[in-house]
Amino acid sequence: QVQLVESGGGLAPPGGSLRVSCKVSGGNFKTYAMAWFRQAPGKEREFVAVIRERGGTTLYADSVKGRFTMSRDNAESTVFLQMNSLKVEDTAVYYCAAGLRLITSSLRLPSQYAYWGRGTQVTVSS
């Protein structure tokens, strides 16, 4: 059974940085496209970033481009999201997701991901 466990959330001031991680167990990590989504209270879950199976391609939401960096360590079955220049509007629960055989046009769609973590809270506040 595939399990995803996020860690590293917390509280940061505006302009600060946080790094969240997602450890995957079960399955074949190298075959998964990995993504981060987030959901703020009263809002729909939204795409943040995705990295392809071999790590050669990453895509970002416009709202985080230039501030967030996603990476993966296939040897450790872990993905990371480095978040810099944080804004209050980045406050949300951040979810890690894994998907198989996703085409480019579907990478930003949460419905395309088969496996999800439980999420980690990120709060940006002074």
Side-chain angles (χ1 to χ4, degrees):
Q1 184 172 353
V2 180
Q3 291 187 320
L4 286 67
V5 180
E6 301 95 338
S7 61
L11 174 66
S17 297
L18 282 173
R19 188 175 84 154
V20 292
S21 303
C22 174
K23 175 77 172 178
V24 180
S25 60
N28 187 348
F29 179 76
K30 295 179 182 179
T31 65
Y32 300 135
M34 298 296 301
W36 288 97
F37 290 83
R38 66 187 182 186
Q39 189 165 18
K43 295 188 177 182
E44 292 187 354
R45 191 166 298 189
E46 66 171 355
F47 168 78
V48 175
V50 62
I51 190 166
R52 296 244 47 158
E53 295 81 346
R54 299 184 184 275
T57 301
T58 52
L59 297 173
Y60 298 94
D62 288 344
S63 59
V64 307
K65 199 173 296 183
R67 301 188 296 121
F68 290 12
T69 302
M70 185 173 184
S71 59
R72 67 187 293 159
D73 184 338
N74 281 354
E76 296 296 328
S77 299
T78 302
V79 292
F80 307 94
L81 184 69
Q82 177 66 43
M83 302 181 288
N84 298 329
S85 302
L86 283 163
K87 303 177 180 180
V88 171
E89 50 264 42
D90 294 320
T91 296
V93 177
Y94 283 69
Y95 296 92
C96 177
L100 281 166
R101 294 183 293 275
L102 302 185
I103 60 176
T104 301
S105 61
S106 67
L107 288 172
R108 299 170 185 258
L109 303 176
S111 61
Q112 299 300 304
Y113 290 82
Y115 307 107
W116 290 83
R118 292 187 176 184
T120 185
Q121 176 70 46
V122 170
T123 302
V124 184
S125 174
S126 55

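E44 CD: 12 or fewer foreign heavy atoms inside a 6.0 Å radius.
Each of T69, V20, I51 was scored for a side chain to side chain contact (heavy atoms under 4.5 Å, CB included) with L81, with one residue passing: V20.
Scanning for ring-ring contact (aromatic ring centres under 6.0 Å, His included) contacts around Y94 gives an empty result, with sequence neighbours left out. For F29, the ring-ring contact (aromatic ring centres under 6.0 Å, His included) criterion is met by no residue, not counting sequence neighbours. In this structure K43 satisfies the salt bridge (charged side-chain N to carboxylate O under 4.0 Å, His left out) test with no other residue, sequence neighbours excluded. E46 meets the side chain to side chain contact (heavy atoms under 4.5 Å, CB included) test with R38; sequence neighbours excluded. Partners of R52 by salt bridge (charged side-chain N to carboxylate O under 4.0 Å, His left out), not counting sequence neighbours: none found. T31 is linked by a side chain to side chain contact (heavy atoms under 4.5 Å, CB included) to N28, L100, counting only residues two or more places apart in sequence or in another chain.
Residue pairs that meet the side chain to side chain donor-acceptor pair (under 3.5 Å) test with at least one member in residues 4-25, sequence neighbours left out, are S17-N84. Applying the side chain to side chain donor-acceptor pair (under 3.5 Å) test to every pair with at least one member in residues 96-107, sequence neighbours left out, gives no pairs at all. Within the structure, every pair that satisfies the disulfide bond (SG atoms under 2.5 Å apart) test and touches residues 21-94, not counting sequence neighbours, is listed here: C22-C96. The ring pair (Phe, Tyr, Trp, His ring centres under 6.0 Å) contacts involving residues 53-84 comprise nothing, where partners must be two or more places apart or lie in separate chains.
Between S125 and P14, the closest heavy-atom pair is C-CD, 3.6 Å. For the pair V24 and L4, the tightest heavy-atom approach, listed with the atom from each and the gap, is CG2-CG, 4.0 Å. The nearest pair of heavy atoms linking A98 to M34 is CB-SD, 3.5 Å.
For the atom pair CD of Q112 and CD1 of I103, the computed distance is 7.5 Å after rounding to the nearest 0.5 Å. Here R67 contributes atom CZ and M83 contributes atom CE; the two are 9.5 Å apart, rounded to the nearest 0.5 Å. Atoms OG1 and CD, on T91 and Q121 in that order, are 7.0 Å from each other to the nearest 0.5 Å. Taking CZ of R72 as the start and OH of Y32 as the end, the distance is 10.5 Å to the nearest 0.5 Å.
Residue W116 shares its hydrophobic cluster (ILVMFWY side chains chained together at separations under 4.5 Å) with F37, F47, V50, L59, V93, Y95, L102, L107, Y113. Hydrophobic cluster membership of L109, counting Ile, Leu, Val, Met, Phe, Trp and Tyr whose side-chain heavy atoms lie under 4.5 Å apart directly or via other members: none, as it forms a cluster of its own.
Electrostatic pairing of D90 and K87 does not count as a salt bridge here, judged by no charged N lying under 4.0 Å from a carboxylate O.
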